[in-house]
Amino acid sequence: MESFGKLLQDARLEKNLDIEKVAREISIERKYLQALEEENSSVFPGEAYMIGFLRNYSNYLELDTDFILKLYNNKKIQESPVPEGLLEKPKSRWLVPVIVIPIVFIVGVAVTVLVLLLTRKTKVSEEEVVVSNQLKTRQYQLTDKKFSQRVYKGDQILVSTENGQIVLTVRDTLSSFGLDTPSGVYYTDLAEETEIDIDGDSKPDLIIYVADISYTDASRGVEVNMLLRNGLYNQRQSNSSVDELSIPLASDLKSKHPQKVIIEDNRAYPFTINASFRGPCLFRHKVDNSETVETYFTRGEVFTATPKNGIRLWISNNNTVKFSLIADSKTFDLDIGAAGQVFVEDIKWIKDTDGKYKLVVIELD
């Protein structure tokens, strides 16, 4: 029988991937990845974690995840102990009728009674579940703040837009989190982050992170974090303008580090910065002329801001943060700093000598 652990290891080695690099990129500790390759289930705190990590690892290696999980289940079945009844020595033939006939009669009566009881109980339980689900179904209003909540099948997430209310409905809470939107159904696995388009304009609007989900019990619901990705549903951008008088000239900037130009235009306008955290990080920011705010973020949390002129960022560990920026309806992934680096960055508009406006990233000393 094929070994799922060997398939994982062979795929990683074939791609010339170091296990430490893989651990950083998919945010799974090396000991768990090594345990998957060695098929050592004792390392994991529970089977749900092993299955979730196995799914994420095989997806990352571009393997057939369903086949990998099938190999894992086959191995688990083979390693299950043989039922004691199969190991018992056969009884003498003359004892079989004496023992079996009464047992068959007793079992038949017991099964009949049990079936009747279960049928009645199931009917009552189904009625109770319907009432219970109706009572537990809730609606939540999504704003520009982070939404963190345990939700259940049938719950609704409401998003207000200038064109009316968008209703997102929780579709699945078993193994993968399924969310029904006007543009289709989206699924997110455990410890994964997904960006989805909820209004059908082919632009990502919502960031979803699944912090906890069961592989065996849908009634437990899903612990999920959500955050609107830009200012589409908050009209701050359209109602605010850049203070052009405070935009510095490129010649006045003082930094020994080169500028990284994100976008160049004939005008300056508000932009949105998004940060998603893969691990613990002390994060400080200052938007335009507002007060400096310092926050400690953990894995799965997200941050967003919409500066008019610029934002200053202090990050204690760059390897834990992924940045993206939206300006003029375009999205840019920002490569800021190096892994493990502590740094300070300015992202702001400047005015060049030719009169053009540039949105730049500048590392500060």
Side-chain angles (χ1 to χ4, degrees), residues 27 52 133 135-201 203-214 218-237 271-281 283 285 287 293-307 311 320-326 331:
S27 300
N133 285 343
L135 292 176
K136 289 184 178 180
T137 298
R138 299 181 177 90
Q139 287 187 334
Y140 301 94
Q141 185 70 49
L142 197 62
T143 67
D144 60 347
K145 305 297 182 183
K146 186 183 77 169
F147 173 82
S148 182
Q149 182 72 40
R150 182 168 290 275
V151 296
Y152 302 87
K153 187 174 182 179
D155 284 357
Q156 294 181 333
I157 315 297
L158 308 180
V159 181
S160 296
T161 75
E162 57 182 349
N163 297 320
Q165 194 95 285
I166 292 180
V167 179
L168 313 175
T169 304
V170 178
R171 184 188 185 96
D172 290 310
T173 59
L174 183 65
S175 299
S176 292
F177 172 59
L179 191 65
D180 217 339
T181 77
S183 60
V185 181
Y186 293 89
Y187 287 90
T188 305
D189 291 332
L190 177 65
E192 283 192 349
E193 180 181 289
T194 306
E195 297 183 3
I196 67 173
D197 166 29
I198 64 176
D199 59 359
D201 63 355
K203 297 176 183 177
D205 307 311
L206 183 65
I207 301 173
I208 297 176
Y209 178 84
V210 175
D212 180 56
I213 191 171
S214 173
S219 65
R220 283 184 51 193
V222 182
E223 185 72 29
V224 64
N225 295 333
M226 297 184 184
L227 184 69
L228 292 176
R229 198 177 190 278
N230 54 43
L232 178 64
Y233 308 107
N234 186 330
Q235 299 303 315
R236 288 178 300 175
Q237 290 193 25
F271 58 93
T272 297
I273 180 79
N274 293 312
S276 57
F277 294 83
R278 306 186 187 99
C281 176
F283 183 76
H285 68 278
V287 178
V293 178
E294 184 174 287
T295 311
Y296 184 79
F297 287 93
T298 58
R299 180 179 177 180
E301 294 189 308
V302 290
F303 163 82
T304 188
T306 307
I311 183 171
T320 63
V321 193
K322 176 185 176 183
F323 288 100
S324 62
L325 183 144
I326 300 110
T331 301

Enquirer: Can you name the closest pair of heavy atoms from Gly300 and Asn225 and give their distance?
Expert: O-ND2, 3.4 Å
Enquirer: Once you round to the nearest 0.5 Å, how far does CG of Asp180 lie from CG of Leu168?
Expert: 9.0 Å
Enquirer: So, using side-chain contact (heavy atoms from CB on, under 4.5 Å) as the criterion, who are the partners of Asp172 when residues are at least two apart?
Expert: Tyr187
Enquirer: Provide the closest heavy-atom pair for Ile213 versus Ser176 in the form atom of the first, atom of the second, distance.
Expert: CD1-C, 3.4 Å
Enquirer: Please tell me if the side chains of Phe323 and Ile273 come closer than 4.5 Å, counting only heavy atoms from C-beta onward.
Expert: yes
Enquirer: What distance separates Phe147 CZ from Leu227 CG, expressed to the nearest 0.5 Å?
Expert: 12.0 Å
Enquirer: Calculate, to the nearest 0.5 Å, the distance between atoms CG and CG belonging to Leu206 and Leu228 respectively.
Expert: 6.0 Å
Enquirer: Once salt bridge (Lys or Arg N to Asp or Glu O under 4.0 Å) is applied, do any residues pair with Glu195, and if so which ones, sequence neighbours excluded?
Expert: Arg229
Enquirer: Find out whether Thr304 and Thr272 are in side-chain contact, i.e. whether some heavy atom of one side chain is under 4.5 Å from a heavy atom of the other.
Expert: yes
Enquirer: Atom CD of Glu294 and atom NE2 of His285: how far apart are they, to the nearest 0.5 Å?
Expert: 11.0 Å
Enquirer: Decide yes or no for Val302 and Asn274: does some side-chain heavy atom of the first lie under 4.5 Å from some side-chain heavy atom of the second?
Expert: no
Enquirer: Nearest 0.5 Å, what's the CD1-CD1 distance between Ile157 and Ile166?
Expert: 13.0 Å
Enquirer: Are side-chain heavy atoms of Phe297 and Val321 found at a separation under 4.5 Å?
Expert: no
Enquirer: Please confirm whether the backbone N or O of Tyr209 pairs with a side-chain atom of Glu193, one donor and one acceptor, at under 3.5 Å?
Expert: no
Enquirer: Taking only residues two or more places apart in sequence or in another chain, which ones pass side chain to side chain donor-acceptor pair (under 3.5 Å) with Ser219?
Expert: Asp217
Enquirer: Would you compute the distance between atom NZ of Lys146 and atom CZ of Phe303 and round it to the nearest 0.5 angstrom?
Expert: 12.5 Å
Enquirer: Is the shortest side-chain heavy-atom distance between Ile208 and Ile196 below 4.5 Å?
Expert: yes
Enquirer: Work out which heavy atom in Ser214 is nearest to a heavy atom in Arg220; give both atom names and the distance.
Expert: CB-NH1, 3.7 Å
Enquirer: What pairs with Asp197 under side chain to side chain donor-acceptor pair (under 3.5 Å), at least two apart in sequence or on another chain?
Expert: none
Enquirer: Please enumerate all residues that pass salt bridge (Lys or Arg N to Asp or Glu O under 4.0 Å) together with Glu192, with sequence neighbours excluded.
Expert: none
Enquirer: Is there a side-chain contact between Leu179 and Met226, using heavy atoms and a 4.5 Å cut-off?
Expert: yes
Enquirer: Which pair of heavy atoms, one from Arg278 and one from Arg299, lies closest together, and at what distance?
Expert: O-CG, 3.3 Å
Enquirer: Taking it one step at a time, do Thr194 and Phe177 satisfy side-chain contact (heavy atoms from CB on, under 4.5 Å)?
Expert: CA-CA 11 Å; Thr194 306; Phe177 172 59; over 6 Å; no
Enquirer: If every non-hydrogen atom of Thr320 is compared with every non-hydrogen atom of Cys281, which pair is closest and at what distance?
Expert: OG1-CB, 3.3 Å
Enquirer: Only one of Asp155, Asp212, Thr173 passes side-chain hydrogen bond (donor to acceptor under 3.5 Å, both in side chains) with Arg150; say which it is.
Expert: Asp212
Enquirer: Listed by chain and number, what are the side-chain contact (heavy atoms from CB on, under 4.5 Å) partners of Thr298, not counting sequence neighbours?
Expert: Tyr296, Glu301
